[in-house]
Amino acid sequence: MSTKENSPLTEVLKQPFPKKDAHGSISMPVYAGAAFEFDTAEEMEAAFLGRSGKHTYTRISNPTTEAYEQRVAAMSGAQHVMAVASGMAAISNIFMTIASAGSNIVTSPHLFGNTFSLFLFTLKEFGVEVRFCNILDINEVESRIDEKTCAVFTEIISNPHLEVADLSALSEAAHRKNVPLVADTTVIPWCSFDARKFGVDIEAVSSTKYISGGATSIGGLILDYQTFDWTHSRRLSELAKTTGKKAFQTKLRSEIARNMGATIAPQTAYLQNLGLETLNLRFGAMSKSCLEIATWLTTVPEIRHVGYNGLESDSFYALSRRQFGSTPGAMLTFSLRDRSACYSFINRLHTIRRATNLFDNKTLIIHPESTIYGTLSPSHKLLAGVPDNLLRLSVGLEDTEDIKSDIHQALHLVRS
Ligand SMILES: *Cc1c(COP(=O)(O)O)cnc(C)c1O
């Protein structure tokens with residue numbers, strides 16, 4: 001039966017293992033070891049040359065990880081999925097695969113802190129230029145693309161700015177110039193967002209967030225829809241002559257990822273595989289609570305501004321509904337008077353946890369400017385666009401009344 005006949009909810013639970021388990025285990029076991037043994041030198045050769053599909057060494061591939069990757073492929077519709085050690089490993093491996101000295105990346109400066117730092121500092125030192133522009137202005141984006149552009153990169157909802165780019169328009173602009181669209185889709189899982197439909201060619205996910213099933217582990221995913229013609233890529237055009245649409249996955253899997261070595265641990269693949277089974281449920285429940293809390297926050301006098309794309313008053317409301325359906329997820333932001341009001345508020349919370357991360361089962365608060373962006377210079381902070389009176393809340397699975405009353409009591413104390 002085709003994997004597309006069931007809903008993703010069913011598919012994730014019925015997905016068979018890539019290879020039959022010796023004991024018929026219903027959960028994919030953790031193959032924790034480093035290496036796999038062969039009967040003959042010929043079998044070893046075949047495995048090392050990728051001709052038999054057998055595992056050789058866990059840095060390169062592993063049965064537990066393979067089962068997890070195939071489940072993600074079934075849920076997302078991606079042609080190729082690779083799990084790696086973190087969300088940042090996903091993003092850095094993608095750019096190690098497609099960028100090269102002299103090439104450039106067209107993107108927004110409004111990005112998750114480490115992605116901003118990867119582009120601004122790390123890749124720059126390898127001769128890759130980053131062209132920051134207003135990703136909401138498609139004409140500006142298109143005008144910044146040239147023959148040396150290796151990708152247009154965007155977050156589907158920027159964290160923590162909550163800006164939403166028009167992905168179809170963005171991918172059309174990129175494709176007109178023969179450039180792929182790479183998107184960080186961490187904030188909306190596949191049950192609510194079909195990246196392929198909006199022209200995303202390569203998807204990066206921090207599976208630490210929704211997928212891990214409650215902050216159990218750090219992980220990342222690279223999804224390839226095989227929609228881009230890599231003969232247009234400066235870096236991959238030679239390889240594309242023999243591998244066609246598989247040029248990206250070939251370069252990534254058989255060279256870059258194994259050389260970078262940011263391998264996901266099999267134990268982590270097991271945990272995240274388990275997280276997939278409850279992803280839809282947790283996402284649905286957290287998102288519903290988030291809308292309720294965001295709506296309530298708009299009525300609280302001390303709160304200057306509430307950022308949530310699911311509020312009808314939000315400027316991205318219509319676009320967000322078109323792209324992400326009924327909910328933009330469980331991350332919201334709000335602003336207080338100033339930094340010191342934010343600190344006092346944070347310090348007085350009892351139920352909400354003072355921690356970074358998103359989509360834990362617990363509600364988490366952070367002051368992004370002093371933490372995630374804390375080591376940036378004042379001018380880079382300005383470019384990153386994160387003001388010092390902004391708080392980010394990731395709504396968990398607690399009773400919303402308890403979260404509201406915690407916010408209420410902490411604000412009351414700030415006021416008095
Ligand atoms: C957390 C996050 C990352 C980085 O993921 P890690 O798993 O922490 O490496 C990248 N992008 C976004 C949008 C994130 O929220």
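For ligands, and for the atoms within them, numbers begin at 1 and follow the listed sequence. Note that the coordinates shown come from a computational prediction; the quantities given were computed from them, not determined experimentally. Numbers here are sequence positions counted from 1. What's counted below: heavy atoms across the whole structure, side chains too, no hydrogens, waters or symmetry copies.
- Asp201 and Thr227 are linked by a side-chain donor-acceptor pair at a separation below 3.5 angstrom, with hydrogens and angles left out of the test.
- Applying the side chain to side chain donor-acceptor pair (under 3.5 Å) rule to Ser289 yields no partners; only residues at least two apart in sequence or on another chain are considered.
- Every protein residue with a heavy atom nearer than 4.0 Å to ligand 1 is included here: Ser86, Gly87, Met88, Phe112, Asn159, Asp184, Thr186, Ser206, Thr208, Lys209, Gly219, Leu358.
- The aromatic ring centres of Phe119 and Phe153 sit less than 6.0 Å apart.
- Evaluation of the side chain to side chain donor-acceptor pair (under 3.5 Å) rule for Asn104 yields Asp146, Thr149 as partners, not counting sequence neighbours.
- Phe198 has its ring centre less than 6.0 Å from the ring centre of Phe193.
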For residues 255-267, run the donor-acceptor check on the side chains, cut-off 3.5 Å, and write out each pair with its distance to 0.1 Å, sequence neighbours left out.
residue: Glu255; atom: OE1; partner: Lys251; partner atom: NZ; Å: 2.9
residue: Arg258; atom: NE; partner: Arg253; partner atom: O; Å: 3.3
residue: Asn259; atom: ND2; partner: Glu255; partner atom: O; Å: 3.3
residue: Thr263; atom: OG1; partner: Arg59; partner atom: O; Å: 3.2

